[in-house]
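Just below is one structure, and these are the notes that go with it.
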Amino acid sequence: MSIEAFYIILTGALVAASSALLGSFLVLRRMAMLGDAISHAVLPGIVVAFLLSGQRESTALLIGAAASGLLATFLIELLHRKARLQEDASIGISFTWLFAIGVLLISTYTGQVDLDQECVLYGEIAYVPLDQVSLGTIWSGPRPLLVSAILFALTLIYLLISFKGLKLLSFNEDHARSLGIRTQVWHFSFMAMVSLVTVLAFEIVGAILIVALLVVPAATAFLWTRSLIPMIVLAVIFGVLSSFGGYYLAVGINGSIAGAMVTVAGLFMLLSVVLMRVLKRS
Amino acid sequence: MSVVNQGYKGAVLEVHNLSSSYNRKPVLWDIDFRLEAAQLVGIVGPNGSGKTTLLRNIMGLMEADSGYVRLFGKNLNEVREKVSYVPQRESVDWQFPVSVREVVEMGRYRPKNLMKRLGAQDHDLVDQALEKVGMLEYAQRQIGQLSGGQQQRVFLARALAQNADLYLMDEPFVGVDAATEDAILKVLSDLRDQGKTVVIVHHDLQTAYQYFDSMVLLNTRLVAYGPRDKVFTRDYLQEAYGGRLTVLSKLSQVIASSEFPVREKGFKEKSGLGDAAD
């Protein structure tokens, strides 16, 4: 394996693992499409942060994206709870509206914004090794790899801290509230993490395919187990394997790595469904 | 009734002029009542009469349009630890990947311990709760494998683990087998005998009279509340269930059967009521 391939696979695996960790709870909370919503809604935040900072690889982008992801979450809650709109309608309105603002901003400032719409939608993980960064003499390597590793660590720490809270919230929100637990804190912190993962995935797999990384490995894992921790671990494994499989599939047919990663994740899902049926029958 | 009250003398639950609506339709209108400690209380009324809404309002899960609720004379937030809420069994996804024990452990979760591990005392309470509902041997089982009756026992165990003084339960007898029904009733009666108060939303008139010491009869408005014999009269039931003919034909049976115990206690009361109603 070349060092470039290693960098690409590792970056993909870290993003897929972070997505799987959070995606498990998205799936269990029946909020898979909220991941989709957030992945689109982060766009205006990214554009605004880019316009203000003028850089493409800054923490400002992450903050902008997380902020607009949270704004989407907040809008959805507002429309659903205060305006008494159905939840799916609230999601549909909020994220398309924010995404539209993002598109508007990009097209208006097109001269100043060096954001490639293709890249935003589909990502380009193949460029990972080209974007080098060095931390003094300690470490040097691709910047996306470093960011992915930090993000994975953050996600893991967040999940360890909030595991009980998320479990309680996901299983029975009314019960959690009756215990005096501030479920909104858990809901919004969770959505902030989903926003962070989503924005990172922008340059790696793109805004659309990140939804697959959030949902597919977790849903596949759910087919195999009815215990929470094994489910999460399995989801991470499926995510990492998708990164490996996707890279070699893409190299083999000379195609998009991100597309191949998600295709492989989907194949795991399909294989699981078929295997489950066969196992049940025998 | 032997009352071993745990120090609290006033009304356990007071609802003051509570009105609440759902999608701009009024569901509860000017509800006002108070409940004393150490009894099994049934909240009874026809479908859509606001029983669940009342419970959700008491637990602060819905915003009331007007009115307020006092628990142990205080705001809910001051006495959270003393109140346990059991939502309808159908309100959760039973395919959720947790074991029976994990669900019951959630009864020990508090805002303060949410980021820590549960202590030895918590685990003892969980064991005791599982034991009381006869689910200890199923503790490691995944909840997706349980029958309806077992699911309801798990919910009851989670409430018991909370070790509260007031229990608010939404339809705990729906879809359970006869054995579970008896087991649940036994546990609830024990709670009552320990001086705790259990408030239960219940839709089945046939069994309501047997189960409860007191009743709150509801149909958007409060029809009546108090000891079961005062509430379970032809007039009040007709007022609550109105012109629902099928219900009314059943009602006569219910009232006939319910009048037996009344006669045992005091014959006069019965003859006065029965004759006047016709």
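Note that the structure is a prediction, hence the values are computed from the model and not measured. Scope of the values below: all heavy atoms of this structure, side chains included, with no hydrogens, waters or symmetry mates. Chain identifiers are assigned alphabetically (A, B, ...) following the order of the sequence lines, protein sequences preceding nucleic acid strands; residue numbering begins at 1 within each chain.
- Using a 4.5 Å heavy-atom cutoff, the side chains of Asn172(A) and Pro87(B) are in contact.
- Atom CE of residue Met106(B) and atom CG of residue Leu169(A) lie 10.5 Å apart, to the nearest 0.5 angstrom.
- Heavy-atom distances place no part of Lys112(B) under 4.5 Å from chain A, backbone and side chain included.
- No part of Phe163(A) comes within reach of chain B, as not one of its non-hydrogen atoms sits under 4.5 angstrom from that chain.
- At a 4.5 Å heavy-atom cutoff, Asn77(B) makes no contact with chain A through either its backbone or its side chain.
- Inter-residue side-chain proximity for Val92(B) and His175(A) is flagged as unmet; no heavy-atom pair is nearer than 4.5 Å.
- With a 4.5 Å cut-off on non-hydrogen atoms, Arg30(A) touches chain B through its side chain but not through its backbone.
- Across Gly165(A), Ser178(A), Pro230(A), the residue that shares the most heavy-atom pairs under 4.5 angstrom with chain B is Ser178(A).
- Looking at Leu118(B), the atoms closer than 4.5 Å to chain A (heavy atoms on both sides) sit in the backbone and in the side chain alike.
- Proximity to chain A (any heavy atom under 4.5 Å) is restricted, for Gln162(B), to the side chain, taken from C-beta onward.
- Residues Leu28(A) and Pro97(B) are in side-chain contact: their nearest non-hydrogen atoms beyond the backbone lie under 4.5 Å apart.
- To the nearest 0.5 Å, atom CE of residue Met59(B) and atom CZ of residue Arg177(A) are 10.0 Å apart.
- In the displayed structure, Phe188(A) atom CZ is contacted under 6.0 Å by more than 12 heavy atoms of other residues, nucleotides or ligands.
- With a 4.5 angstrom heavy-atom cutoff, Ser170(A) touches chain B via backbone and side-chain atoms both.
- Atom-to-atom distance recorded for Ile161(A):CD1 and Leu114(B):CG is 11.5 Å, nearest 0.5 angstrom.
- Atom-to-atom distance recorded for Tyr109(B):OH and Leu179(A):CG is 10.5 Å, nearest 0.5 angstrom.
- Comparing Lys116(B), Gln142(B), Arg56(B), Glu63(B) by heavy-atom pairs within less than 4.5 Å of chain A, the highest count is held by Gln142(B).
- The side-chain heavy atoms of Lys167(A) and Glu102(B), taken from C-beta on, include a pair separated by under 4.5 Å.
- Proximity to chain A (any heavy atom under 4.5 Å) is shown, for Leu168(B), by neither the backbone nor the side chain.
- There is no contact between Val86(B) and chain A, counting heavy-atom distances below 4.5 Å.
- Heavy-atom pairs under 4.5 Å with chain B were tallied for Leu168(A), Leu228(A), Asp174(A), Leu160(A); the largest tally goes to Asp174(A).
- Taking the six-membered ring where tryptophan is involved, the planes of Phe171(A) and Trp94(B) are perpendicular, since the angle between them exceeds 60° and thus also 30°.
- Counting non-hydrogen atoms of other residues, nucleotides and ligands closer than 6.0 Å to CD of Glu131(B) gives a total of 12 or fewer.
- What you find for Pro111(B) and Gly180(A) is that their closest heavy atoms are CG-O, 3.4 Å.
- Rounded to the nearest 0.5 angstrom, Arg80(B) CZ and Ile181(A) CD1 are separated by 9.5 Å.
- Residues Lys164(A) and Met115(B) fail the side-chain proximity criterion, which asks for heavy atoms closer than 4.5 Å.
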